[in-house]
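No experiment lies behind these values; they were computed from the predicted model shown.
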Amino acid sequence: MVLSGCAIIVRGQPRGGPPPERQINLSNIRTGAMARRAAQGQPDTKDVPDEPWAFQAREFLRKKLIGKEVCFTVEIKTALGREYGMVYLGKDSTGENIAETLVCEGLATVRREVRGNNPEQARLCDLEDQAKASKKGQWSEGSAAHTIRDMKYTIENPRNFVDSLHQKPINAIIEHVRDGGVVRALLLPDHYLVTVMLSGVKCPTFKREADGTESPEPFAAEAKFFTESRLLQRDVQIILESCPNQVILGTILHPNGNITELLLKEGFARCVDWSMAVYSQGAEKLRAAERSAKERKVRIWKDYVAPTANLDQKDKQFVAKVMQIVNADAMVVKLNSGECKTIHLSSIRPRGLKERFEKTKDKDKRFRPLYDIPYMFEAREFLRKKLIGKKVNVTVDYIRAATGPAEGTPVFAERTCATVTIGGINIAEALVSKGLATVIRYRQDDDQRSSHYDELLAAEARAIKNGKGLHSKKEIPIHRVADISGETQKAKQFLPFLQRAGRSEAVVEYVFSGSRLKLYMPKETCLITFLLAGIECPRSSRATPGGMQLAEPFSEEAMLFTKELVLQREVEVEVESMDKAGNFIGWLHIEGVNLSVALVENALSKVHFTAERSAYYKTLQSAEEACRQQKEKIWANYEEKPVEEFVQLTEEKERVENYRPVYVTEITDTLHFYAQDVETGGQLESLMETMRAEIAAQPPVEGSYSARRGDYCLAKFADGEWYRARVERVESPSKVHVFYIDYGNREVVSTTRLATMPPAFSTRTLPAQATEYTFAFIQVPQDDDARADVVDCIVRDIQNSQCLLNVEYSGVACPHVTIQFSDSKDDVGLGLVKEGLVMVDVRKEKHLQKMVSGSLNIWRYGDFRADDADEFGYRR
């Protein structure tokens, strides 16, 4: 460092740290004193300006010596320790004598008062005389006022000053280095002396203690020396970039490189987010330099452990296929190994995590995050349309540890957070730039963040500036989506519309099993449950009244096949009908592929007999036959039956009679009835007595039971007694629809009449005793009045009485039976036919039609079924 025209500071070669410094004053010469600022806190002192030619002498010496190797000799050392001597440019005293050069250029005067026969003194005097004769430097004619600088130590409005420069490079000299990242610079040509902090980084500093001493942080001295040895009193260019809180941020450019990047690369600094945004030379370069230091574990990163240090390289970077978009920041991908993995986008979050947690805490069952959180649906749709079924590049940034449960903290499992790109586009950055997600802010020492964090911050700044998505001042979009899954009445109203529409567009929201899906209908803005027509797919495991039913073979494979083919894809559906639970049945097509046919072709489903009426029956049949021949998957154990067996089946099968006593407990308006087996009646009575005794001993607390659909419970009937029941529907705490599982009747009750079912009285101890049946060989009248007459007749004849029952054949909903009076053995159904209250099912036992005689009731106008005319409402 050059202090003035006649004083320099030299350092030796560094060995294991910053070397010691030594000040050398040039003997026998004098130069002007440099300007000095008034002492802070001492109002009596004033700024001292430059003496004439002082700055020019300093600059001459600075340009000649800074960074160069010199040789010096000490001639005099004062009592105060000040050293005077000669300085030579080079390795020895044969080099250029600096004092002589200064005198020769007219930038220094010789101390002629020094006495003695000193040859150096005599030579200096000769050189001074020559400079005077040549009128060099301070010996030139005219005023020396132009050599005195107008120093500016303060700036009235630093922000306006920085903005006025428009981030253009300014020539400057670094006058002082406070620490590795803060310098004092002299801006040229206006001579502003300003303190500049490097943008985007922070170096270890020197902390001032209470006693006035300074204690360095680890590597603070080394970082300061690193910057000093490269910048101190060098000619540089500075880009002043911002001025938050009166602190000027800038970037220092030296011909040999950018000091900010060098500090990071050598492990003397770390990136800081708050000033990174104003860095004008490319934030990605700083991140790359910091990453290099971390990988090499140098200096401040010597104990650094990478967030993905425990992952193999193949687990850090891989290509995968996107299978499902979980929400606006998470997706399920399928690896090349076939394994599925959930990936979270690094450093972003969709709006509403706090709102979702609050809703979950309040147990609001109607809260649906996808539709109720603003812009969640738009974010999901953006990802779905761009990624589903596509291959993406995944770079794991960090593994976020599990959190919660705690007060005010959501529960999250361990998450793999990564940067996902497709076609060179960072998906997280695209989401943020559209205002569909926000960037997470971290503590400065938290390295678990995206490898493209600065691009995310820049994208968010653009979205805020342009008012995109979440940052828009427009009204928040609202999605009113009706969920009619399981709503039988709503489904019935909607069915004709879907049937008339033919092929309708839909998005597969969820896959329950290989043939059961939940669809979102965009035009109708509703959610429906959809069952694939024409096939019989292996069933997944499910809870039933009798306990958990195990999954059928290949049910998991069928579900995975359907998921990979259609989940969250845009499809077309043809609705044909619906079942009694409000589920729609039909055909689903995706890119020209019929999903029912595809499942059969892959030996993951069988053809159902209902497919015979469809246009796809031949295709299904041929696909099934091919799989049967190859004995694949569900057909692996298939054995073709001999042809002779089919010939024998042409003979009419004899009717099997096996009547057993039952007790009829309930008859419905649809001509179905519920009955108990007389054989197990004693067990039911014993269970009821024990249960009621226990309730009497320990009565349940009224209103303590929280009803949920499908739960088994105890319900108090109108007679004041408790019975076993199942919750079918919950409208409100005062309106709960229950089904009495041992008697078959239904009732709407308040939760005050419900209680938890003790395990000792559950369906595992004794299965539900009321079994649903319907009459065989007869057709239920479609006319409401005629059907009511039939129901009244049956109620009078058999309700709450013991009868004999025989199962004739199975039905879709329940077994079809014939029932006899226990005393007379007369057939109840035959009696109804004889009275003309019901019709014989023409597709079944035809000999029963012979029992229809006379013209009673609905037969009094003859058998209208013989007419083929459409106007009679009957078509064969």
Visitor: Return yes if a side-chain donor-acceptor contact under 3.5 Å exists between Q676 and T665, otherwise no.
Guide: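 No, no side-chain donor-acceptor pair sits under 3.5 Å.
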Visitor: What are the two closest heavy atoms between C627 and A603, and how far apart are they?
Guide: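 Reported closest heavy-atom pair: SG-N, 3.7 Å.
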Visitor: Shortest non-hydrogen contact from T756 to Y705?
Guide: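 Closest approach of T756 to Y705, heavy atoms only: OG1-CD1, 3.5 Å.
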Visitor: Start with the C-alpha gap between T670 and V780, add the side-chain angles, then the distance that decides, and say whether side-chain contact (heavy atoms from CB on, under 4.5 Å) holds.
Guide: CA-CA 8 Å; T670 58; V780 179; over 6 Å; no
Visitor: Checking Y674 against F739 for the ring-ring contact (aromatic ring centres under 6.0 Å, His included) test, could you report, in this order, the C-alpha distance in whole Å, the side-chain angles of both residues, the deciding distance, and whether it holds?
Guide: CA-CA 12 Å; Y674 290 86; F739 170 72; 5.5 Å; yes
Visitor: Mind checking whether Q799 and E666 have side chains closer than 4.5 Å, heavy atoms only?
Guide: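 Of all side-chain heavy-atom pairs linking E666 with Q799, at least one is under 4.5 Å.
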Visitor: Quick check: are there more than 12 heavy atoms from other residues, nucleotides or ligands sitting under 6.0 Å from CD of E702?
Guide: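 No, not enclosed.
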Visitor: For P661 versus Q802, what's the shortest heavy-atom pair and its separation?
Guide: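 Distance-wise, the nearest heavy atoms are CB-NE2, 3.8 Å.
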Visitor: Return yes when atom NZ of K618 has more than 12 non-hydrogen atoms of other residues, nucleotides or ligands closer than 6.0 Å, and no otherwise.
Guide: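 Atom NZ in K618 is not packed in, count stays at 12 or less.
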Visitor: Would you sort out whether T818 and E808 count as a side-chain hydrogen bond (donor to acceptor under 3.5 Å, both in side chains), showing the intermediate values?
Guide: CA-CA 7 Å; T818 53; E808 303 292 346; 2.6 Å; yes
Visitor: Considering non-hydrogen atoms only, spot the tightest contact between D483 and K518 and give its length.
Guide: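 For D483 versus K518, the nearest heavy atoms are OD2-NZ, 3.5 Å.
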Visitor: Is it true that atom CZ of R539 has more than 12 heavy atoms of other residues, nucleotides or ligands lying nearer than 6.0 Å?
Guide: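 Counting other residues, nucleotides and ligands, CZ of R539 stays at 12 neighbours or fewer.
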Visitor: Is there a side-chain contact between H589 and N594, using heavy atoms and a 4.5 Å cut-off?
Guide: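 Touching, per the 4.5 Å side-chain cut-off.
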Visitor: Before giving the answer on side-chain contact (heavy atoms from CB on, under 4.5 Å), spell out for R708 and V730 the whole-Å C-alpha distance, their side-chain angles and the decisive distance to 0.1 Å.
Guide: CA-CA 7 Å; R708 292 191 304 176; V730 180; 5.9 Å; no
Visitor: Tell me if the CG atom of N637 is crowded by more than 12 foreign heavy atoms within 6.0 Å.
Guide: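 At most 12 heavy atoms, drawn from other residues, nucleotides or ligands, come within 6.0 Å of this atom.
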Visitor: For N800, I'd like to know if atom CG has over 12 heavy atoms of other residues, nucleotides or ligands within 6.0 Å.
Guide: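 Yes - once you tally the heavy atoms of other residues, nucleotides and ligands closer than 6.0 Å, there are more than 12.
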Visitor: Which pairs count as salt bridge (charged side-chain N to carboxylate O under 4.0 Å, His left out) when at least one residue sits in residues 729-754, sequence neighbours excluded?
Guide: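 Checked against salt bridge (charged side-chain N to carboxylate O under 4.0 Å, His left out) - neighbours excluded - the pairs reaching residues 729-754 are R724-D742, E728-R746, R729-E731, E747-R753.
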Visitor: Is the number of heavy atoms from other residues, nucleotides or ligands under 6.0 Å of F821 CZ greater than 12?
Guide: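 Result for CZ/F821: enclosed.
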Visitor: Start with the C-alpha distance between V573 and I528, add both sets of side-chain angles, then the distance that settles side-chain contact (heavy atoms from CB on, under 4.5 Å), and finish with yes or no.
Guide: CA-CA 12 Å; V573 293; I528 66 171; 5.7 Å; no
Visitor: Do the ring planes of F717 and Y723 sit parallel (below 30°), tilted (30 to 60°) or perpendicular (above 60°)?
Guide: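 Perpendicular: the ring planes of F717 and Y723 meet at over 60°.
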Visitor: Less than 3.5 Å apart, any donor N or O on the side chain of W635 or Q630 sitting next to an acceptor on the other?
Guide: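 No - no donor-acceptor pair under 3.5 Å links their side chains.
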Visitor: Is it true that Q493 and Q489 share a donor-acceptor pair across their side chains at a distance under 3.5 Å?
Guide: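 No donor-acceptor contact under 3.5 Å links the two side chains.
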Visitor: So, taking the atom named CZ in R796 and the one named OG in S801, what distance separates them when rounded to the nearest 0.5 Å?
Guide: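 Rounded to the nearest 0.5 Å, the CZ-OG separation comes out at 13.0 Å.
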Visitor: Using side-chain heavy atoms (C-beta onward) and a distance below 4.5 Å, is F494 in contact with C526?
Guide: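 In short, these two side chains touch, coming nearer than 4.5 Å.
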Visitor: At what distance, to the nearest 0.5 angstrom, does CG of D677 lie from CD of Q683?
Guide: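 D677 CG to Q683 CD: 10.5 Å, rounded to 0.5 Å.
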Visitor: Please step through side-chain contact (heavy atoms from CB on, under 4.5 Å) for the pair S504 and V575, ending with a clear verdict.
Guide: CA-CA 8 Å; S504 303; V575 175; over 6 Å; no
Visitor: Any idea which heavy atoms bring G829 and D827 closest together, and the distance?
Guide: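 Of all heavy-atom pairs spanning G829 and D827, the closest is N-OD1, 2.9 Å.
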Visitor: In the structure I gave you, are the side-chain heavy atoms of L671 and V791 within less than 4.5 Å of one another anywhere?
Guide: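 L671 vs V791: side chains touch.
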Visitor: Can you measure from CD (E487) to OG (S485) and round to the nearest 0.5 angstrom?
Guide: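 One finds 8.5 Å between CD of E487 and OG of S485.
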Visitor: So which heavy atom on G514 is nearest to which on L532, and how close?
Guide: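 Smallest interatomic distance, heavy atoms only, reads O-CD1, 3.7 Å.
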Visitor: With heavy-atom distances below 4.5 Å as the criterion, would you say the side chains of L604 and K633 are in contact?
Guide: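 Of all side-chain heavy-atom pairs linking K633 with L604, at least one is under 4.5 Å.
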Visitor: Judged by atom type as modelled, is there a donor-acceptor pair below 3.5 Å linking the side chain of S513 to the main-chain atoms of S540?
Guide: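 Between the backbone of S540 and the side chain of S513 there is no qualifying donor-acceptor contact (under 3.5 Å).
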Visitor: Where do Y663 and Y743 land on the ring-ring contact (aromatic ring centres under 6.0 Å, His included) test, with the steps shown first?
Guide: CA-CA 10 Å; Y663 189 83; Y743 295 89; 8.7 Å; no
Visitor: Against V817, only a single residue in Y659, F775, F673 fulfils side-chain contact (heavy atoms from CB on, under 4.5 Å); can you say which?
Guide: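 Of the listed options, the one satisfying the test is F673.
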Visitor: Contact between T680 and Q769 at the side-chain level, heavy atoms closer than 4.5 Å - yes or no?
Guide: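 Sidechains of Q769 and T680: in contact.
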Visitor: Can you confirm whether more than 12 heavy atoms, excluding those of R709, are under 6.0 Å from its CZ atom?
Guide: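 No - once you tally the heavy atoms of other residues, nucleotides and ligands closer than 6.0 Å, there are 12 at most.
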Visitor: Would you check if V828 and C803 make a side-chain contact, meaning some heavy-atom pair closer than 4.5 Å?
Guide: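 With C-beta onward as the side chain, the pair stays apart.
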Visitor: Atom CG in D826, atom CG in L804: separation rounded to 0.5 Å?
Guide: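 Reported value, rounded in 0.5 Å steps: 11.0 Å.
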Visitor: Closer than 3.5 angstrom, by distance alone: can the side chain of S596 be matched with the main-chain N or O of I535 as a donor-acceptor pair?
Guide: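 Judged by distance alone, no pair lies under 3.5 Å.
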Visitor: Is the shortest heavy-atom distance from the side chain of M757 to the side chain of T763 under 4.5 Å?
Guide: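 A side-chain contact under 4.5 Å is absent here.
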Visitor: Out of curiosity, M691 CE to E721 CD, how far, rounded to the nearest 0.5 Å?
Guide: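 Answer for the CE-CD pair, M691 versus E721, is 8.5 Å.
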Visitor: Hey, what do you get for OG1 (T562) to CG (N602), rounding to the nearest 0.5 Å?
Guide: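 Rounded to the nearest 0.5 Å, the OG1-CG separation comes to 9.5 Å.
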Visitor: For the residue pair F512 and Y510, is the inter-centroid distance of their aromatic rings smaller than 6.0 Å?
Guide: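 So the answer is yes for these two rings.
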Visitor: If only atom types and distance count, is the side chain of E624 paired as donor or acceptor with the main-chain N or O of V607 below 3.5 Å?
Guide: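 Yes: the side chain of E624 pairs with the backbone of V607.
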